[in-house]
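Below, chains carry the letters A, B, ... as their sequence lines are ordered, and counting in each starts from 1.
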2 protein chains.
Amino acid sequence: MTSRPRSQRTRKSPDQRRAEIVEAAAHIALGEGLELVTLRRIAEELGVRPGLIHHYFPVADHLVSEAFTHATTRERESLLPPAEEDLPPVDRLARFVVGLADGDHLDLSRLWLNARHLSRFKESLRLAVRTQESVTRAALVTLVQKGVRTGEFETDDALKAALYILVAVDGLGSYANDDSPPQDGPEIGDVAVETAETRLGLAPGTLRTRVRARSADPAP
Amino acid sequence: MTSRPRSQRTRKSPDQRRAEIVEAAAHIALGEGLELVTLRRIAEELGVRPGLIHHYFPVADHLVSEAFTHATTRERESLLPPAEEDLPPVDRLARFVVGLADGDHLDLSRLWLNARHLSRFKESLRLAVRTQESVTRAALVTLVQKGVRTGEFETDDALKAALYILVAVDGLGSYANDDSPPQDGPEIGDVAVETAETRLGLAPGTLRTRVRARSADPAP
DNA sequence: CCGCTTATTGGTCACCGATCCAATAACCTT
DNA sequence: AAGGTTATTGGATCGGTGACCAATAAGCGG
């Protein structure tokens, strides 16, 4: 009865295998932390021998930074997607800010916190963080500018407004690993939302309203 | 010639030795990171055998969290000292916010970032972080309230104002490990300073001015 | 001054990382 | 169908960590 689930050996194309590895690494990074993106852990995840991972990533740190980049990119595409023609900037901003301010996407906040710290010791990760940072910033600046053109936002310095919003978002992200009761008085998440509204001349409550409106009205 | 710097054995009182260990650990934590607060590393720092450290801290994690608490407490006492009767709230706030916003105290910002992330995995550290967080918050709230009473600050919600300032400060702290050129357009450090000024009804530039004034005028 | 408590030593052990490498076998090419 | 390329394996090595412990000696109290 010695079932032989020992799947012998499955040989895949380098591209495919590599993608598979990065995918698994990103998954672990997001769920368990970048320090658990280890040759053995990823190998285990894929049901493969550690040596194989080393074959594709001779330097383990590179896998770590790729995992971060991959996870981060995918998350951004869902949180701050590039212009959807039909969706006004206010709604796009609302999704981004509210999505991060509220409990959702805690994974992502933790990952950023993780990466920002770990980048102190890992050169390649530091570069990846910087890159992702500027991509995000660019996306947000573009969004703000578009909103200004459509008259939805009001600011004389789009870059500055974006920076303020990002600092607030990252500030909240600092608390991503707190597990204290959310009785922080003035709903801590509001800080980012209010900051965005203030900086862009939106009436208080606008952003949360837009999000609620959208989720209640799934099919236009 | 065999100099015998092998200091035989120096036996100290438990209290003294323990303090010495925590001191060394705090130093390493601040300068090299909490993950380097290791039995061996601290022992080396003190010219002592690792076993001794284990004798005082059977659970290594406790040393880590104590190191954080120690370092953090000392730094706070210099950055946000408890009421000095002669110093007006504006100046005390200025020292705190500007001190953190500008390049100084990078060590401290890195340590906080470090601790906030690492607390994801270390229970005892998580508690220490939460404690230090609330001590700092309480100190800042008290300061804001005092400023409101003296008429220097203007806000209808001291706690909220303090939270905003802290989020901005922590947001900046997120970038503590960046080594990119500081050409971030609108001086990134300004975000915290401006946030404080805005939230407390201070004229723009007030805080930086106060700091400059104080450092130019050492002896009253 | 001697004895006893205990701070301090100098190891051991198990665990878990990265890195490297020879041998194996999957699969494509001819 | 045979051969060759190389993806994949299964080790071994090395360095670092925490935990643990018997033995030693420092220095205090009698």
Side-chain angles (χ1 to χ4, degrees), chain A residues 4-25 28-29 32-68 114 117-118 120-125, chain B residues 4-25 28-29 32-68 114 117-118 120-125:
Chain A
R4 193 164 12 104
R6 298 257 145 274
S7 54
Q8 318 285 24
R9 218 180 247 210
T10 41
R11 186 192 178 108
K12 303 190 175 181
S13 87
D15 293 336
Q16 186 180 343
R17 184 63 90 179
R18 199 191 156 88
E20 195 177 293
I21 292 174
V22 172
E23 183 65 37
I28 303 273
E32 307 176 21
L34 289 168
E35 23 279 286
L36 289 183
V37 173
T38 194
L39 299 193
R40 286 172 175 72
R41 183 71 186 79
I42 304 298
E44 178 196 28
E45 189 79 0
L46 293 176
V48 144
R49 312 261 66 194
L52 182 61
I53 312 295
H54 174 263
H55 176 70
Y56 287 92
F57 291 89
V59 178
D61 282 0
H62 293 169
L63 177 54
V64 172
S65 52
E66 276 208 34
F68 168 75
N114 193 167
H117 163 64
L118 210 55
R120 174 176 182 179
F121 306 108
K122 295 187 187 298
E123 177 69 21
S124 62
L125 182 58
Chain B
R4 192 163 12 105
R6 298 259 145 272
S7 54
Q8 317 285 23
R9 218 180 248 211
T10 42
R11 187 192 178 107
K12 304 192 176 181
S13 88
D15 293 335
Q16 188 180 341
R17 184 63 91 179
R18 199 191 155 89
E20 195 177 293
I21 292 174
V22 172
E23 184 63 39
I28 303 275
E32 307 177 23
L34 289 167
E35 22 279 286
L36 289 184
V37 173
T38 195
L39 299 191
R40 287 172 175 76
R41 183 72 185 78
I42 305 299
E44 178 196 27
E45 189 79 1
L46 293 175
V48 145
R49 310 261 70 194
L52 182 60
I53 313 295
H54 174 263
H55 176 71
Y56 287 93
F57 291 90
V59 178
D61 281 0
H62 293 169
L63 177 54
V64 172
S65 52
E66 276 209 35
F68 168 75
N114 193 167
H117 162 64
L118 210 57
R120 175 176 181 178
F121 306 106
K122 296 188 186 299
E123 176 69 22
S124 62
L125 182 58

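- Computed from coordinates, the A:Glu44 CD to C:dG17 C1' distance equals 14 Å when rounded to whole Å.
- Using a 4.0 Å heavy-atom cutoff across all strands shown, A:Pro50 reaches no nucleic acid atom at all.
- Of the candidates D:dA7, D:dG18, C:dT9, D:dA7 carries the atom nearest the A:Tyr56 side chain, counting heavy atoms from C-beta on.
- Put simply, CG on A:Leu34 is 16 Å from C1' on C:dG17, counting in whole angstrom units.
- Between A:His55 and D:dT8 there is no side-chain N or O to OP1 or OP2 distance below 4.0 Å.
- Just one of B:Leu36, B:Val48, B:Leu63 meets the side-chain contact (heavy atoms from CB on, under 4.5 Å) condition when paired with B:Ile42; it is B:Leu63.
- Straight-line distance from the CZ atom of B:Phe57 to the P atom of C:dA7: 14 Å, rounded to whole Å.
- Of all heavy-atom pairs spanning B:Ile53 and B:Ala43, the tightest one is CG1-CB, 3.8 Å.
- Comparing A:Leu39 and B:Val48 against DNA chain C, the residue whose closest nucleotide sits nearer the 5' end is B:Val48.
- We find that CG of B:Leu46 is positioned 10 Å from P of C:dT9, with the value rounded to whole Å.
- Taking only side-chain nitrogens and oxygens, B:Thr38 comes nearer than 4.0 Å to OP1 or OP2 of D:dG18.
- For B:Arg11 against C:dT6, a side-chain N or O and a base N or O form a donor-acceptor pair under 3.5 Å.
- The side chain of B:Arg40 sits closest to D:dA19 out of D:dA7, D:dG10, D:dA19.
- Using a cutoff of 4.0 Å between basic side-chain nitrogens and carboxylate oxygens, A:Arg120 and B:Glu35 are not scored as salt-bridged.
- D:dT17 atom P lies 10 Å from atom CZ of B:Arg41, rounded to whole Å.
- Between the side chain of B:Asn114 and the main chain of B:Gly33, no donor-acceptor pair closer than 3.5 Å is present.
- In the set D:dT8, D:dG10, D:dG18, the nucleotide with an atom closest to the side chain of A:Arg49 is D:dG10.
- When rounded to the nearest whole Å, the span between NE2 of A:His54 and P of C:dC21 equals 9 Å.
- As rounded to whole Å, 11 Å separates atom P of C:dC27 from atom CD of A:Gln16.
- Residues B:Arg41 and B:Glu45 are paired through a salt bridge, judged by an N-O separation under 4.0 Å between the basic side chain and the carboxylate.
- Across D:dG18, C:dA7, D:dT8, the shortest atom-to-atom separation from the side chain of A:Leu52 is found for D:dT8.
- Following rounding to the nearest Å, B:Glu35 (CD) and D:dG18 (P) show an atom-to-atom distance of 12 Å.
- Not one side-chain nitrogen or oxygen of A:Arg9 sits closer than 4.0 Å to the OP1 or OP2 atom of C:dA25.
- Checking B:Leu36 against A:Ser13, the closest nucleotide of DNA chain D that is more toward the 5' end is the one next to A:Ser13.
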